[in-house]
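Residue numbering restarts at 1 for every chain, and letters A, B, ... go by the order of the sequence lines. Quantities reported herein were computed from a predicted structural model and do not represent experimental measurements.
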Amino acid sequence: MTSTKIFSLLCPKSELQLHVTLQCGQSFRWREISPGKWQGVIGHKVWTLTQDESHIHYSTYPKTSDDEVCTNPKAKQKTKRTNKIDVGQEKSEAVLKDYFRLDFSLEKLYSDWKKADLNFRLLCHEFAGVRMLNQDPVENVFSFICSSNNNIKRISMLVERLCQLYGTKISTLDGTTWHSFPTVSSLAAEGVEETLRAQGFGYRAKFIHKSAQMIMERGGEAWLHSLRSLSYEDCHAELMSLHGIGAKVSDCICLMSMGHLSAIPVDTHVFQIAAKDYLPHLRSCKTLTQKVYCEIGDHFRKVFGEYAGWAHSVLFSADLKRFENLKSQGNHPSQDKQAKRQKIKHNCAK
DNA sequence: ACCCGACCTGCTAT
DNA sequence: AATAGCAGGTCGG
């Protein structure tokens with residue numbers, strides 16, 4: 001591998017913390033290849049990211065003709081010979097700024113949310129630098145179809161498998177081959193459902209195949225991108241018409257790739273957060289009805305305002321970590337009882 | 001409008 | 001060693 005230029009971008013940790021932002025269940029493809037060093041795919045390139053107190057350091061691995069060996073015949077049409085000229089720093093920086101939405105000042109947002117909410121005030125120091133990613137709608141849609149009634153570890157595994165099966169090879173780095181995310185067309189092809197079933201996707205195999213076909217019927221990736229210009233309500237409804245996308249997943253997509261930063265995906269975690277800290281009367285609710293779903297979203301929007309979905313992600317990150325801690329505490333006998341008690345409490349909130 | 005069971009799979013706790 | 005329970009839900013009745 002030829003040596004790769006490392007560029008730097010001024011960005012203090014208060015504005016972006018990679019380890020939280022890349023691990024809080026927004027995107028499922030980032031890997032910490034060594035402490036503090038993250039690798040993943042943005043667009044059709046592999047990115048390596050590190051940071052210090054003041055800067056993000058990044059390098060990219062562009063495609064070369066050697067890497068363009070396609071196993072997927074459908075994807076062959078898409079590959080084209082590109083010059084080996086490295087993408088200039090300027091363009092890379094623009095991609096990075098777009099992906100991390102660096103045009104938003106987190107300092108300003110956190111400051112507003114701290115004023116609005118005591119709970120946020122308590123968590124914001126430990127969970128500084130949590131950013132909403134601006135993701136690709138295709139990756140977002142199919143990743144979150146995989147997320148239903150599933151855990152982050154397996155979701156990540158399935159998403160990676162999807163890329164290996166139907167994406168195109170980008171680069172091989174340190175023995176790991178990276179693939180682009182599949183095109184909608186490749187997921188709509190004949191036999192995809194059967195293959196994915198055999199590959200451990202379970203009932204999501206049908207959701208993926210059917211939704212890919214539905215998107216193709218409506219105009220493919222251009223249609224999906226066009227949803228960005230719709231109102232939140234229309235965008236949410238269109239996405240929900242796809243198979244395997246309900247209210248929660250639709251809100252994830254609205255928030256993470258459609259630019260609707262007030263969308264609140266209400267899952268089990270958010271339901272519990274709401275019942276515990278915001279809407280006590282929900283503690284007696286057994287199931288998350290549509291009415292309660294809307295009530296929780298509306299409440300968060302009332303508290304946090306225009307960018308409530310972003311604020312929700314900070315709270316969600318904190319809850320996710322609390323949840324991880326509960327599990328790992330089980331390894332320490334002295335803390336076992338306490339962990340159990342907390343877990344019971346956690347479950348009762350349902 | 002609401003509730004309920006079924007649903008794939010792999011990891012964890014018991 | 002075997003088995004129930006659960007994980008960023010959705011669908012159909």
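A:H299 NE2 to A:L282 CG: the interatomic distance, rounded to the nearest 0.5 Å, is 9.5 Å.
In this structure, CZ of A:R161 is placed 17 Å from P of B:dC8, rounded to the nearest angstrom. Atom C1' of nucleotide C:dC11 and atom CZ of A:R204 are separated by 13 Å, given to the nearest angstrom. Regarding A:K153, its NZ atom lies at a distance of 7 Å from the C1' atom of B:dC11, rounded to whole Å. Nucleotide C:dG8 holds its P atom 10 Å from the CG atom of A:N149, rounded to whole Å. The nearest whole Å value for the distance from the CG atom in A:L158 to the C1' atom in B:dC8 is 10 Å. The CG atom of A:N151 sits 11 Å away from the C1' atom of B:dT12 (whole-angstrom rounding). Computed from coordinates, the A:E193 CD to B:dC8 P distance equals 10 Å when rounded to whole Å.
Comparing C:dC6 with B:dA6, their P atoms sit 15 Å apart, to the nearest whole Å. The same atom, P, is picked in C:dG8 and in B:dC3; the two are 24 Å apart, to the nearest Å. Nucleotides C:dC11 and B:dG10, compared at atom C1', are 23 Å apart to the nearest Å. Separation of the C1' atoms belonging to C:dT10 and B:dC2 is 16 Å when rounded to the nearest angstrom. Straight-line distance between the P atoms of B:dC8 and C:dA2: roughly 25 Å, to the nearest whole Å.
If you check C:dC11, C:dA7, B:dC3 against the side chain of A:H243, the one that comes closest is C:dC11. When each of B:dG10, B:dC7, C:dC11 is scored by its nearest atom to the side-chain atoms of A:Y203, the top-ranked nucleotide is B:dC7.
Along DNA chain C, the nucleotide nearest A:L242 and the nucleotide nearest A:N150 are compared for position; the residue whose nucleotide lies closer to the 5' end is A:N150.
Among the protein residues, A:F316 comes within range of the nucleic acid bases, having at least one heavy atom under 4.0 Å from a base atom. In this structure, A:I245 reaches the sugar-phosphate backbone alone: every heavy-atom distance under 4.0 Å involves primed, P, OP1 or OP2 atoms, never a base. Residue contacts for A:Q199: at a heavy-atom cut-off of 4.0 Å it reaches no nucleic acid atom on any strand shown. Across all strands shown, A:G25 has heavy atoms under 4.0 Å from base atoms, whether or not it also approaches the sugar-phosphate. No contact: A:I145 has no heavy atom under 4.0 Å from any strand. Residue contacts shown for A:C146 are absent, as no nucleic acid heavy atom lies under 4.0 Å away.
With a 3.5 Å limit on both pairing distances and Watson-Crick or G-U wobble geometry required, the stems of 3 or more pairs in DNA chain C span B:3-7 with C:9-13, B:9-14 with C:2-7.
The phosphate of B:dC2 (OP1 or OP2) has no side-chain N or O of A:T287 nearer than 4.0 angstrom. For B:dC8, the OP1/OP2 oxygens have a side-chain nitrogen or oxygen of A:R197 closer than 4.0 Å.
A donor-acceptor contact closer than 3.5 angstrom is absent between the side chains of A:D251 and A:H260. A donor-acceptor contact closer than 3.5 angstrom is absent between the side chains of A:S262 and A:E306. For the residue pair A:S8 and A:H55, no side-chain donor N or O sits within less than 3.5 Å of a side-chain acceptor on the partner.
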Could you walk me through whether A:F120 and A:Y110 pass the ring-ring contact (aromatic ring centres under 6.0 Å, His included) test, one step at a time?
-> CA-CA 9 Å; A:F120 187 90; A:Y110 270 49; 5.2 Å; yes
List the steps, then state whether salt bridge (charged side-chain N to carboxylate O under 4.0 Å, His left out) holds for A:R31 with A:E160.
-> CA-CA 11 Å; A:R31 302 283 177 271; A:E160 207 48 52; 3.7 Å; yes
Criterion side-chain hydrogen bond (donor to acceptor under 3.5 Å, both in side chains) on A:H209 and A:E190, from CA distance to verdict = CA-CA 9 Å; A:H209 189 215; A:E190 197 69 28; 6.0 Å; no
A:F104/A:W310 under side-chain contact (heavy atoms from CB on, under 4.5 Å): CA gap, chis, key distance, verdict = CA-CA 11 Å; A:F104 284 86; A:W310 193 324; 3.7 Å; yes
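Taking 3.5 Å as the limit, the base of B:dC8 and the side chain of A:R154 contain a donor-acceptor pair of atoms between them.
By the neighbour-count criterion of 12 heavy atoms within 6.0 Å, atom CD1 of A:I33 is densely surrounded, having more than that number from other residues, nucleotides or ligands.
Cluster membership for A:M216 and A:V192, using ILVMFWY side-chain heavy atoms within less than 4.5 angstrom, is shared. Residues A:Y278 and A:V270 are members of one and the same hydrophobic cluster, defined by side-chain heavy-atom contacts under 4.5 angstrom among Ile, Leu, Val, Met, Phe, Trp and Tyr.
Annotation: proximity of residues 246-256 of chain A to DNA chain C (heavy atom, distance under 4.0 Å) is found for A:G246, A:A247, A:K248, A:V249, numbered in ascending order. Within a heavy-atom distance below 4.0 Å of DNA chain C, no residue of residues 290-304 of chain A is found.
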